[in-house]
Protein chains: 2
Amino acid sequence: MENRTGPSAGAPARLDSAGVDPNTLRGHLDALILAVVEHEPRHGYAIIEALQERSGGALDLPTGTVYPALRRLERAGFVASEWDVVGGRRRRTYRLTRAGRAELADQRSSWLEFTRAIGQVLNPRPQGA
Amino acid sequence: MENRTGPSAGAPARLDSAGVDPNTLRGHLDALILAVVEHEPRHGYAIIEALQERSGGALDLPTGTVYPALRRLERAGFVASEWDVVGGRRRRTYRLTRAGRAELADQRSSWLEFTRAIGQVLNPRPQGA
DNA sequence: ACACTACATGTAGATTCGCTATATGTAGAG
DNA sequence: CTCTACATATAGCGAATCTACATGTAGTGT
C-alpha cells in the first residue's frame with residue numbers, strides 16, 4: 001500500500017531496505033518474540049537484535065514496539081522475566097514458559113494456515129496447470 | 001494469540017473453522033481485494049464471496065470490513081466503480097485500474113518478502129542441515 | 001572535565017484498520 | 001405477512017505499532 005504519515009507509516013525511516021510494513025507485522029510480533037527466546041533466554045535489547053538478524057534486516061523494530069509486546073507476553077504468561085546486573089547495568093531477561101511453548105506451537109500452525117489462505121487468493125494457481 | 005473482546009477479537013464468532021485472525025489480516029486486505037478483481041470487475045458482495053471461496057473459507061469477512069476497504073481503494077485510485085441495476089437492485093461494480101494493477105504487482109512482491117522474513121524467524125532452518 | 005556512542009529499559013499518545021452494531025432497500029419463497 | 005438472500009452503507013470502538021521522548025550505565029576520545 002502507499003506510504004502514510006504517522007506511527008503506522010508504510011515505510012518509516014528505519015526500514016531503509018526491504019522492510020516489513022508495520023500493518024502486516026501486526027498479529028505476528030508476539031509469535032516472533034516467542035520464537036527468538038525458544039531455545040535460550042534473552043534480554044529485551046538482544047531480542048530486538050535477534051529479530052533483525054534472523055530476518056535478514058527486514059525486522060528492525062523500535063523499542064516502543066518490542067517492550068510493550070514483552071509486557072503483554074509476560075502478562076499472558078507466555079514468558080517470565082528476571083532482573084540481573086551485567087557489567088554494572090541492569091538487564092531484564094525473558095524465558096519462554098511452558099504455556100509460551102504451547103502458544104508458539106499454536107502460532108506456527110496458524111502461520112501455515114494464514115500463508116495458505118492469503119497465498120491462495122493473492123496468487124491463485126491456474127486451473128488444470 | 002489469545003481471544004480478545006471488541007472489534008479486533010482474535011476468533012470472532014464468524015470464524016467457525018480455521019479462520020484468519022483479524023490482526024494478521026491487517027495490511028493484506030487491500031491486496032486481496034485487488035487480486036479478486038484482477039481479471040474481471042465484481043460488485044462488493046461478489047468480492048466478499050470470492051474471498052471466501054478462494055481462501056477455502058478462511059476469509060469470511062464482514063461487510064463492515066470490505067466496504068470501507070473498497071472506499072479506500074477507490075480513493076487511492078486502485079479501483080474504479082460504476083452503478084448498475086440488475087434484477088431491480090442497484091449494484092456497484094469495481095474494476096482494477098492501471099495504477100491498481102501496478103499496486104497489486106507491488107503487493108505480491110511485498111508478500112514474498114514478508115513471508116520470507118517472518119518465516120525465517122518463526123521457523124529457522126537448522127544450521128548445516 | 002565534557003561529548004558521543006553503545007547498551008538497556010521504559011512509556012504517553014497519535015494513527016489506522018478491522019470489527020461490531022446498525023441501518024436501508026429489493027426480490028423471491030412460503 | 002414473515003423470512004431469507006442479495007446488496008449497500010457507516011459510526012464508533014479497540015488495540016497494536018510507531019514516534020517521540022525519557023532515564024541510566026559504560027567506554028572512548030578530546
Side-chain angles (χ1 to χ4, degrees), chain A residues 1-15 19-33 42-49 51 59-76 81 83-94, chain B residues 1-15 19-33 42-49 51 59-76 81 83-94:
Chain A
M1 297 290 109
E2 63 198 353
N3 286 357
R4 300 180 190 87
T5 58
S8 299
R14 71 169 52 253
L15 302 177
V20 162
D21 174 0
N23 277 323
T24 60
L25 177 65
R26 190 176 174 103
H28 297 290
L29 176 60
D30 292 2
L32 293 171
I33 290 172
R42 294 178 197 269
H43 63 279
Y45 193 83
I47 287 168
I48 289 168
E49 284 185 326
L51 287 170
L59 294 173
D60 187 7
L61 305 180
T63 57
T65 295
V66 173
Y67 285 111
L70 285 165
R71 290 284 79 63
R72 290 198 309 266
L73 286 171
E74 184 155 34
R75 206 181 312 130
S81 70
W83 288 96
D84 306 301
V85 174
V86 181
R89 313 183 209 203
R90 56 186 202 131
R91 176 181 283 185
R92 190 165 182 176
T93 301
Y94 300 86
Chain B
M1 297 289 109
E2 61 197 357
N3 286 355
R4 300 183 190 85
T5 60
S8 300
R14 72 171 51 253
L15 303 178
V20 162
D21 174 0
N23 278 322
T24 59
L25 176 65
R26 194 176 174 98
H28 297 291
L29 176 59
D30 292 3
L32 293 170
I33 291 173
R42 294 178 197 269
H43 62 279
Y45 194 84
I47 287 167
I48 289 168
E49 285 185 326
L51 287 169
L59 293 173
D60 187 6
L61 305 180
T63 56
T65 296
V66 173
Y67 285 111
L70 286 166
R71 289 284 81 63
R72 290 198 307 266
L73 286 171
E74 185 156 32
R75 208 181 310 128
S81 70
W83 289 96
D84 305 302
V85 174
V86 182
R89 312 185 209 199
R90 54 184 204 133
R91 175 181 284 183
R92 190 165 181 177
T93 302
Y94 300 85

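To find a chain, count down the sequence lines: A is the first, B the second, and so on, and within it residues start at 1. Below, all heavy atoms of this structure are taken into account, side chains as well, without hydrogens, waters or symmetry copies. Keep in mind that what you see is a predicted model, and the values were worked out from it rather than measured.
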**Message:** Given the structure, check if the side chain of A:R72 and the base of D:dA16 hold any donor-acceptor pair shorter than 3.5 Å.
**Reply:** no
**Request:** Measure from the side chain of B:L29, starting at C-beta and using heavy atoms only, and say which of D:dA16, C:dG18, D:dA9 lies closest.
**Result:** C:dG18
**Prompt:** Reckon A:G44 touches a base, only the sugar-phosphate, or nothing at all at heavy-atom distances under 4.0 Å?
**Reply:** sugar-phosphate
**Prompt:** Looking at residues at least two apart in the chain, or sitting in another chain, which of them share a side chain to side chain donor-acceptor pair (under 3.5 Å) with B:E74?
**Reply:** B:S81, B:R92
**Item:** Non-neighbouring partners of B:V85 that pass side-chain contact (heavy atoms from CB on, under 4.5 Å), sequence neighbours left out
**Value:** none
**Complete:** Testing D:dT8, C:dT20, D:dA16 for proximity to the side chain of B:N23, the answer is D:dA16
Return the polar atom pairs (N/O with N/O) between nucleotides 21-25 of chain D and the protein under 3.5 Å, or none.
{"unit_1": "D:dT25", "atom_1": "O3'", "unit_2": "A:G88", "atom_2": "O", "d": "3.0"}
{"unit_1": "D:dT25", "atom_1": "O2", "unit_2": "A:R89", "atom_2": "NH1", "d": "3.4"}

**Complete:** Ranking A:P68 and A:V86 by the position along DNA chain D of their nearest nucleotide, the one closer to 5' is A:P68
**Fill in**
The residue, A:V66 or B:E49, whose nearest nucleotide of DNA chain D is more 5′ is B:E49
**Complete:** Per atom distances to the B:P22 side chain, the nearest of C:dG18, D:dA9, D:dT8 is C:dG18
**Request:** Output all residues satisfying side-chain contact (heavy atoms from CB on, under 4.5 Å) with B:L70, sequence neighbours left out; order by chain, then residue number.
**Result:** B:I33, B:I47, B:V66, B:Y67, B:Y94
**Prompt:** Got a sec, which residues hit salt bridge (Lys or Arg N to Asp or Glu O under 4.0 Å) with B:R89, two or more places apart in sequence or on another chain?
**Reply:** none
